[in-house]
Amino acid sequence: MNERDLAHTEMLPLAELDDDELAGAAAVGDTEAFAVLVQRMSPSLLRYMRRMVNDPQTAEDLSQETLVDAWKGLPDFGFRSSFRTWMFRIGHRKAVDHYRRMHDVPTTAERFAELESAGPLPAESAESSLLWDALRDELQNLPHMSRAAWWLREVEGMSLNEISQVLRISSGSVRGHLQRSRKFLLTRLAPWQPGGTAPPHEAGPDDEATTGEGGRR
């Protein structure tokens with residue numbers, strides 16, 4: 001952020017600044033600007049971490065660690081991406097590191113990769129509480145990276161390029177994860193589609209998509 005941009009931010013109330021303007025002010029030591037950023041970003045970051053980490057307290061701890069690391073790293077943040085994308089990248093790395101420590105992230109997902117692509121399943125389609133509960137449960141059966149890609153796209157509304165930056169994989173890989181996760185979820189949530197008659201069965205160890213995939217550092 002150049003001097004002209006900084007001068008612009010100094011002329012506006014903090015609440016009127018966008019995320020990157022706040023990050024620029026915080027990068028030069030404005031703690032109030034960063035406090036506004038934290039207030040804006042915390043809800044979506046915590047939602048994401050709760051989907052990636054099963055334990056609520058661990059998700060909250062990792063969210064806090066992410067924000068602390070973002071604050072410490074801001075002076076070196078080159079704004080090559082948006083602050084939001086950069087923050088989610090830090091958070092995703094922490095989630096992956098947590099699962100690696102817990103030995104919960106296998107490195108392959110061949111059975112899941114065999115699924116064919118299908119049309120999108122927007123997050124907005126989860127209109128009822130029962131459907132949302134089922135969707136939340138089935139997300140836990142997706143491989144780690146596919147779950148992350150789906151959530152960032154359908155809930156956080158990130159572009160393929162932004163997701164690519166967060167997960168440190170190619171846009172083509174992001175597209176593949178999205179196609180396969182949508183196919184899986186459409187299949188597992190079929191009972192809630194028109195004409196469905198039975199609730200989905202409990203996910204077991206032999207179900208498709210029970211393996212995960214770690215991210216690259």
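The model shown is predicted, which means the values in this text are computed figures rather than measured ones.
Under the side-chain contact (heavy atoms from CB on, under 4.5 Å) criterion, Ser63 pairs with Leu45, Leu46, Met49, sequence neighbours left out. Residues passing the side chain to side chain donor-acceptor pair (under 3.5 Å) test with Arg175: none are found, sequence neighbours excluded. Listed by chain and number, the residues in a side chain to side chain donor-acceptor pair (under 3.5 Å) with Asp18 amount to none (sequence neighbours excluded).
Asn161 has its side chain within reach of Gln165: a pair of non-hydrogen atoms, C-beta onward, lies under 4.5 Å apart. Glu16 is not listed as a side-chain neighbour of Glu21, based on a closest heavy-atom distance of 4.5 Å or more. The shortest distance between side-chain heavy atoms of His177 and Ile169 falls below 4.5 Å. Looking at Leu152 and Leu167, their side chains come closer than 4.5 Å, going by heavy atoms from C-beta outward. Using a 4.5 Å heavy-atom cutoff, the side chains of Phe88 and Met158 are in contact. Side chains of Leu22 and Phe83 form no contact here, defined as non-hydrogen atoms less than 4.5 Å apart.
Contact detail for Ser170 and Ser164: the closest heavy-atom pair is C-OG, 3.8 Å. Between Ala33 and Ala26, the shortest heavy-atom contact is CB-N, 4.1 Å. The two residues Arg153 and Leu178 come nearest to each other via the heavy atoms CB-CD2, 3.7 Å.
If you take CZ on Arg136 and CD on Glu138, they are separated by 12.0 Å, rounding to the nearest 0.5 Å. In this structure, CE in Met145 is found 8.5 Å from CE in Met52, a value given to the nearest 0.5 Å.
Two rings, from His144 and His92, have their centers less than 6.0 Å apart.
Sorted by first and then second residue, the side-chain hydrogen bond (donor to acceptor under 3.5 Å, both in side chains) pairs with a member in residues 49-62 read Asp55-Thr58, Gln57-Asp61; sequence neighbours excluded. Residue pairs meeting the side-chain hydrogen bond (donor to acceptor under 3.5 Å, both in side chains) criterion with at least one partner in residues 78-88, sequence neighbours excluded, are Ser82-Thr85, Arg84-Glu156. Residues in residues 22-44 take part in these side-chain hydrogen bond (donor to acceptor under 3.5 Å, both in side chains) pairs, two or more places apart or across chains: Asp19-Arg40.
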Under 3.5 Å, which donor-acceptor pairs do the side chains of residues 65-79 form with other protein atoms, sequence neighbours left out?
| residue | atom | partner | partner atom | Å |
| --- | --- | --- | --- | --- |
| Thr66 | OG1 | Leu62 | O | 2.8 |
| Asp69 | OD2 | Lys94 | NZ | 2.9 |

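Of the residues listed (Leu142, Leu139, Ile163), the one engaging Trp151 in a side-chain contact (heavy atoms from CB on, under 4.5 Å) is Leu139, and it is the only one.
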